[in-house]
Amino acid sequence: MSTEPTAAPTQTTTASATLLDRASRVIPGGVNSPVRAFRAVGGTPRFIASATGPWLTDADGNRYVDLICSWGPMILGHAHPSVLEAVKDAAAQGFSFGTPSENEVKLAEEIVSRVAPLEQVRLVNSGTEATMSALRLARGYTGRDVVVKFAGCYHGHVDALLASAGSGIATFALPDSAGVPRSSAGETIVLPYNDLGALEAAFAERGHEIAAVITEAAAGNMGVVPPAPGFTEGLRRITAAHGALLISDEVMTGFRCSASGWLGREGVAPSGAPDLFTFGKVMGGGFPTAAFGGRADVMALLAPQGPVYQAGTLSGNPVASAAGLATLQGCTPEVYERLDTVATAIAGAASEALTAASVPHTVQWAGSMFSVFFRDGEVRDYDDARDQDSAAFRRFFHSMLAQGVHLPPSAFESWFVSASHDDAAVSHVLDALPAAARAAGTPD
């Protein structure tokens, strides 16, 4: 059990500021992933020195209840004993071999056993690598080049998929990324999320060119925006009718929404399952590993069996695989029940506090993942997600941070909880919410 820290009236951020200054001299922007820079909310990003269970401790000694959870992987909590033991045991046998090992086989078997339509997977090192490889495989299988994606869905920093992406791109208000060749962008059709009419029109015009449709199983990178009823079924029906593949990106939702991800909550559509899936985050337990997989006949095109080349020196790393396996094996029904309980308590209290402070908002869910949008009304697509009061979120964020609760530093991100969020951690969050809601409702 964790114990609630005593909140200091004013936080000292001297050490974090010093580290940011040092980092900015040798790392662009001082960070290795843009959202960490706090540009969307302002202020000094906290450099974390350690983490245990639901708590983060920064370089100045301030402690925070963690509602980022490393953007999803820490489903059991930080430094979970069984995961830590698995990592130590694996590391003692060697860090990396460059040859096959049993740990990668065990992790692949665990993943395949959890997702019924999945027949084979290939392990890679990141969600970006997983989606990039899945696209290459889809193009190789179909002999076509064009890919359809949905505005606001983020699939990693793959050139062809950075058009109208959410997450970091939304945070920085950039429609695209510099450095992406026109030829790559020209092979991508971007459509509104949850709009089957737009998809049908695109296939009517260019169906013979389209290799695949890729979608987040439930969008989490423009905030949580679940698929509308019938949307997933429509994706499968339309792609199948035109000989294109359907790629379901479960990097964020995979093994977090349920033991088998979003698919486990929504079920297989009557017209069939996606052809390919991508996974990351939870399946690595905080280590850099990811996977893509699907039907055996599609996966058979990968080298060394087939002509679609994909490789990686650290793919299937034995230590990362051990961490992922221990994490997945620790995700019991009781863990998922606890996640739902904690998420419901925090989201419900946030909504009550914002209502009391007369702050427009709506809460949306994908399993235990949730987002608080600072606007009235349902969010169905990227345009809706962008139509919110980001300044109100910024004020809310900094009030929570000052009270020892670390939210994602962007209005376009999901909130995550872990099974280690005990009653003390939850109470700490709930106690902070009324003041944060009042701050959100007080213009600068």
Side-chain angles (χ1 to χ4, degrees), residues 2 4-11 13 35 38-46 54-56 58 62-69 71 170-171 220 222-226 339-366 368-379 384-418 421-444:
S2 60
E4 182 178 342
T6 301
T10 303
Q11 290 177 350
T13 60
V35 73
F38 273 33
R39 296 290 175 85
V41 293
T44 301
R46 304 307 195 256
W55 298 101
L56 301 172
D58 70 16
N62 301 308
R63 296 185 72 202
Y64 311 88
V65 178
D66 182 17
L67 295 182
I68 300 175
C69 294
W71 306 102
T171 294
M222 51 179 143
V224 173
V225 183
L339 294 175
D340 289 343
T341 297
V342 171
T344 299
I346 292 174
S351 183
E352 289 177 7
L354 290 167
T355 298
S358 300
V359 177
H361 69 282
T362 189
V363 180
Q364 295 193 179
W365 298 85
S368 63
M369 290 168 45
F370 66 94
S371 289
V372 180
F373 293 96
F374 283 76
R375 54 160 277 156
D376 285 324
E378 180 185 9
V379 175
D384 288 347
R386 289 186 292 183
D387 182 27
Q388 63 172 307
D389 189 346
S390 295
F393 171 80
R394 174 178 52 78
R395 296 188 294 269
F396 183 83
F397 169 85
H398 277 292
S399 177
M400 294 293 281
L401 191 66
Q403 296 179 80
V405 181
H406 205 317
L407 301 178
S410 168
F412 296 93
E413 298 287 359
S414 305
W415 298 21
F416 297 96
V417 299
S418 79
H421 280 69
D422 57 19
D423 292 346
V426 173
S427 293
H428 189 79
V429 176
L430 268 52
D431 289 345
L433 286 168
R438 289 192 295 272
T442 305
D444 297 331

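Because only heavy atoms are used, hydrogens play no part in the values below, and waters and symmetry mates are left out as well, while side chains stay in.
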Trainee: Looking at side-chain heavy atoms only, is the closest gap between H428 and V405 below 4.5 Å?
Mentor: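 Yes. Closest side-chain heavy atoms under 4.5 Å.
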Trainee: Strictly distance-based, threshold 3.5 Å: is any side-chain N or O of E413 a donor or acceptor partner for the main-chain N or O of P408?
Mentor: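 Not at all, since once roles are kept as given, no pair shorter than 3.5 Å links the two residues.
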Trainee: Is the backbone of L67 close enough, under 3.5 Å, to the side chain of H421 for a donor and an acceptor to pair up by distance?
Mentor: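 Absent.
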Trainee: Measuring only between side-chain heavy atoms, which start at C-beta, is D66 closer than 4.5 Å to P54?
Mentor: no
Trainee: Do F412 and V35 have side-chain heavy atoms sitting under 4.5 Å apart?
Mentor: no
Trainee: Tell me the closest heavy-atom pair linking A437 and A357, and the distance in Å.
Mentor: O-CB, 3.6 Å
Trainee: Would a distance-only check, ignoring hydrogens and angles, find a side-chain to backbone donor-acceptor pair under 3.5 Å from R395 to T442?
Mentor: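 Confirmed, R395 side chain pairs with T442 backbone.
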Trainee: Looking at side-chain heavy atoms only, is the closest gap between E378 and T362 below 4.5 Å?
Mentor: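 Side-chain contact under 4.5 Å: no.
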Trainee: Give the ring-plane orientation class for F393 versus F374, where under 30° counts as parallel, over 60° as perpendicular and anything between as tilted.
Mentor: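 The arrangement is perpendicular - the two ring planes meet at more than 60°.
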Trainee: Please give me the minimum heavy-atom distance between D340 and S368, naming the atom from each residue.
Mentor: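 In terms of heavy atoms, the two residues are closest at OD1-CB, 3.8 Å.
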Trainee: With no hydrogens and no angle check, is any side-chain donor or acceptor of Q364 less than 3.5 Å from a backbone partner on S371?
Mentor: no
Trainee: Do the side chains of M222 and D384 get nearer than 4.5 Å, heavy atoms only?
Mentor: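 They are not in contact (no side-chain heavy atoms under 4.5 Å apart), so the answer is no.
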Trainee: So, the side chain of Q11 versus the backbone of L401: is there a donor-acceptor pair under 3.5 Å, distance only?
Mentor: yes
Trainee: To the nearest 0.5 angstrom, please state how far the OG1 atom of T13 sits from the CG atom of N62.
Mentor: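 If we round to the nearest 0.5 Å, T13:OG1 and N62:CG are 8.0 Å apart.
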Trainee: Quick check against the 3.5 Å criterion: does T355 have a side-chain atom that pairs as donor or acceptor with the backbone of S351?
Mentor: yes
Trainee: For V224 and F373, work out which heavy atoms get closest and say how close.
Mentor: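 It is O-CE1, 3.4 Å.
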Trainee: Which distance, rounded to the nearest 0.5 Å, do you find between the CD1 of I346 and the OG1 of T341?
Mentor: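 I346 CD1 to T341 OG1: 11.0 Å, rounded to 0.5 Å.
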Trainee: Is a donor on one side and an acceptor on the other found under 3.5 Å between the side chain of S399 and the backbone of A439?
Mentor: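 It does not hold such a pair.
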Trainee: Are I68 and F416 packed together at the side-chain level, in the sense that at least one heavy-atom pair is separated by less than 4.5 angstrom?
Mentor: no
Trainee: Can you find a pair of side-chain heavy atoms, one from F396 and one from L433, that are under 4.5 Å apart?
Mentor: yes
Trainee: Between V379 and V225, which heavy-atom pair has the shortest distance, and what is it?
Mentor: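 Closest approach of V379 to V225: O-CG1, 3.4 Å.
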Trainee: I need the minimum non-hydrogen distance between M400 and A436, along with the two atoms involved.
Mentor: SD-CB, 3.5 Å
Trainee: Using a 3.5 Å distance criterion without hydrogens, assess whether the side chain of R394 forms a donor-acceptor pair with backbone atoms of G42.
Mentor: no
Trainee: Is the shortest heavy-atom distance from the side chain of F397 to the side chain of P409 under 4.5 Å?
Mentor: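 Yes - at least one pair of side-chain heavy atoms lies under 4.5 Å apart.
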Trainee: Specify the closest pair of heavy atoms between G43 and H398, including all atoms of both residues, with the distance to one decimal.
Mentor: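 Closest heavy-atom pair between G43 and H398: CA-CE1, 4.2 Å.
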Trainee: Parallel, tilted or perpendicular: which one describes the rings of H406 and F38, with boundaries at 30° and 60°?
Mentor: perpendicular
